[in-house]
Each structure stands twice: as structure tokens, then as C-alpha cells.
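Inspection log for the structure reproduced underneath, given as C-alpha cells.
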Amino acid sequence: MNTAPEEFEQLRKLLKLKRYEQPPPGYFNNFSTRILNRLEEQASATPLERLGQESPWLKRLFGILDNSPMAAGVFGVIVSGLLLSGIVYSQYVDQGPAIAMSLEGTPDLSNAGAMASVSDTSAIRVRADVSSTNAVFSGMMPGSSFGAMVQPVSFSPEGR
Amino acid sequence: MTDPASGKVPEGSNEPAESSPAKPPITEEMELVNRAREGDMAAYDDLVRRYQERIYATVYHMTSNHEDANDLAQESFIKAYQALKSFKGGSSFYTWIYRIAVNKTINFLKQRKNRAQMSLNDLDFNAEHDPDLVALISDKTPRRDIGLSELQEKLNAALLKLSEHHRLVVTLHDVQGLSHEEIAKIMDCNIGTVRSRLFYARQQLQAYLSDYLK
């Protein structure tokens, strides 16, 4: 490839052709007016319209939902499904740490779904990997159906 | 007829200007910016009018499509107005608005990647009288049978083969006549990068257009 300066000179002459490419006649007469009009429209837009302007995909989505009841129905079902899934999932997550707690040395209590471990000495031991502060002992007052004597103690994770 | 790149009538010079097209004094411009910041739409109108042709031309030469250039140029000015409060005056408004337009255009082109489409603007009648162009099409070379329109088409097709950054450097320097320093500011890179990109881009164009150049 010849890259001598005079060759670039020819290229630069050819590139001058680009300077003669013109937009349609009169294009710039109203260019700034169109911009100012759009700015004014944006300033007077409702929050929903502004959201649509800032997120064109949202505007397209609203347009589709407006024009097609079927699409609106499907969209509603999907949103409701996601909402319900979220609620169910959040409940599951809330219960997760409680389930993770196990009763040590008292398998029968564990099977019964007990959430605290009662050792031989009746002291409550909590696994170090459980960080939840949920009131998991709320249903296990002294003299409860488990027959375990539970007393409030201050404790710290094992090994600390 | 004015040159869309600079808003000036081409003087027939072979060399692109090493300095940018005439710019208004910075202080006057800053005053307009300050007024526009306070909501003075007339001031912003003035700013738009000053740079509309150059911004449009830059975007147009990058996209080779009038509709896209129209949308992107308008959106650039709208975005600039919305971001005017964040304009600290560290660079000139001219550089700043260019940067907005360039970033917007490059993002647009990346999204459009495999959808290259040309809808070339008509050539100004004066192109036929440009001595350099007359020489190019009248020489006894393989290109002698080619008209300006076809040459325009080939040139734009070749430009579209360049990467966005290389096309931008060629557009800003060889078409619009901006200096390396100004391009470096607009592209937020150093002058060496601008020079090397320009060299590489010219080499590429040279190869694509070898049939039409001596």
C-alpha cells in the first residue's frame, strides 16, 4: 500500500467531496425552533410522559398495552405472578434461618420442628452460622408442649 | 452555498484548516451559557444556531444518513441543555457540545452495528466547480468515467468500513478541518492517539479507494 504524503493528498482532495453533501434545503431554518419546542414539551410533560421520554422502551411498552387488551392481560398475569412469587419467596427466606437451627442431642424435638436446641444441661446453644435475630423462641416458653425448661440466657456463638 | 461542515463557503484550499472554524469569543459564549442555565431560551437558541451546522455535519458524516443525523443532532442539543448545570466551563461549550454529539453518535452506531444504511444527502451544485474534484474526475485514470455521485457513494461506503473512532478522526480533521488538539479534547485522548488513528484511517481509505486515486 502506498502511503506517501502525496497519496494522502489525493485522498484529502477526495474527502472534500463530503463538504458538499447538503441536508434538504431550508433544513437549518427551523432546526433550533424544533429543539426549543421539544424542550418546552418536555418541561410541560406529566411525570408519566417524562418517564416515557427518558425511557423510550417504556413508552413503547405502554403503547403496546394500550393497543392490545390481550397483551395487557398477559402483562397483568405476569406481573401478578411475579408479585405472588416474590411474596412467597420472601416468606420462605424469613423462615429459612429458623429451619437452619437444629436441636442438638434431642432428635425427637428436631423432628417436631423445634427451633431451639436444648442440651442435657438445658442450656440453649445456637449454631455459630445462624445469624438471624428472629424471635424463634416465642412459642417455647417454659412449660411449653415440648416440656423443655427454657430460660433466657445471654450467649455467644461457639468458640468466641 | 455554505459548507455544511463549517458553515463557511469552501475556499478551494487543498489543506484542511489546522485551526477550527471561526468560533465566537469564549466570554460571550459563557455569558450565553450562563443565561441559558437560568432558563433563558433565547440564549440557548443562539447557542444552537452557532453550532447546529457543525454538529449536524459531524453526525451526518459519521452515519451517512440524514434522518439519523437529524435525530442525533437534535438529541445532542437537548441533552446538552438538560446537562447545562453540570457544565463547569473547564472546556469551551463548543468542545463540550461536540463531545456530547460524538458520544451519542458512537453509542448509536454501536447499537446499529449490522444495520448500515446510507441515504446520502444531495451534493451541492458547487461541488462540480471545485477544482480539486474536477481534477479528480477528469484525469485520465480509471476513474474518468465516474461521476461525482458515484464517487460520493464509493467514498461513503469506504468511510463506513472504518471503525467509529477512525471515521470520526477523518471526519473531524479532513472533512471539518479541526486541529489535532481540538480532536484530542473532543475524543478525550492524547494528540498522539489522534495522529495515529488519522494515519491508520487514511491508510485504510487509501486501500479501499485505490481505484479512484492516482
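FYI, side chains are in, hydrogens and waters are out, and symmetry mates aren't considered; it's all heavy atoms of this structure. Chain letters run A, B, ... following the sequence lines, proteins first, then strands; residues in each count from 1.
Applying the 6.0 Å contact sphere to NZ of B/K104 captures more than 12 heavy atoms from other residues, nucleotides or ligands. Surrounding OH of B/Y200 are at most 12 heavy atoms belonging to other residues, nucleotides or ligands under 6.0 Å away.
Between B/Q206 atom CD and A/L14 atom CG the span is 9.5 Å, to the nearest 0.5 Å. For the atom pair OH (B/Y81) and CD1 (A/I35), the distance works out to 12.5 Å, reported to the nearest 0.5 Å. Taken to the nearest 0.5 Å, the CG atom of A/L39 stands 6.5 Å off from the OH atom of B/Y44. Distance check: A/R38 CZ to B/I78 CD1 gives 3.5 Å after rounding to the nearest 0.5 Å. Going from atom CD of B/Q204 over to atom CG of A/L11 covers 11.5 Å, rounded to the nearest 0.5 Å.
Residues that satisfy the side chain to side chain donor-acceptor pair (under 3.5 Å) test with B/D45, not counting sequence neighbours, are A/S32, B/R49.
Side-chain contact check for B/D174 versus A/F8: every heavy-atom pair is 4.5 Å or farther apart. Contact of the B/L209 side chain with the A/Q10 side chain is not registered, since no non-hydrogen atoms from C-beta on lie closer than 4.5 Å. Side-chain contact check for B/Q176 versus A/R19: every heavy-atom pair is 4.5 Å or farther apart. Contact of the B/H66 side chain with the A/Y27 side chain is registered, since non-hydrogen atoms from C-beta on lie closer than 4.5 Å. When side chains are defined from C-beta on, A/R34 counts as touching B/N70, because their heavy atoms get closer than 4.5 Å. When side chains are defined from C-beta on, A/F31 does not count as touching B/E53, because their heavy atoms never get closer than 4.5 Å. At least one side-chain heavy atom of B/Y56 sits less than 4.5 Å from a side-chain heavy atom of A/P23.
Residues A/Q42 and B/Q82 have side chains that bring a donor and an acceptor to within less than 3.5 angstrom of each other.
Shortest non-hydrogen contact noted between A/K18 and B/L159 is CE-CD1, 3.6 Å. What you find for B/V175 and A/L15 is that their closest heavy atoms are CG2-O, 4.1 Å.
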Using a 3.5 Å cut-off and no angle test, enumerate the donor-acceptor pairs between side-chain atoms of residues 75-90 of chain A and protein atoms at least two apart in sequence or in another chain.
from: A/S80; atom 1: OG; to: A/G76; atom 2: O; distance (Å): 2.8
from: A/S85; atom 1: OG; to: A/G81; atom 2: O; distance (Å): 2.6
from: A/S90; atom 1: OG; to: A/G86; atom 2: O; distance (Å): 3.3
from: A/S90; atom 1: OG; to: A/I87; atom 2: O; distance (Å): 2.7

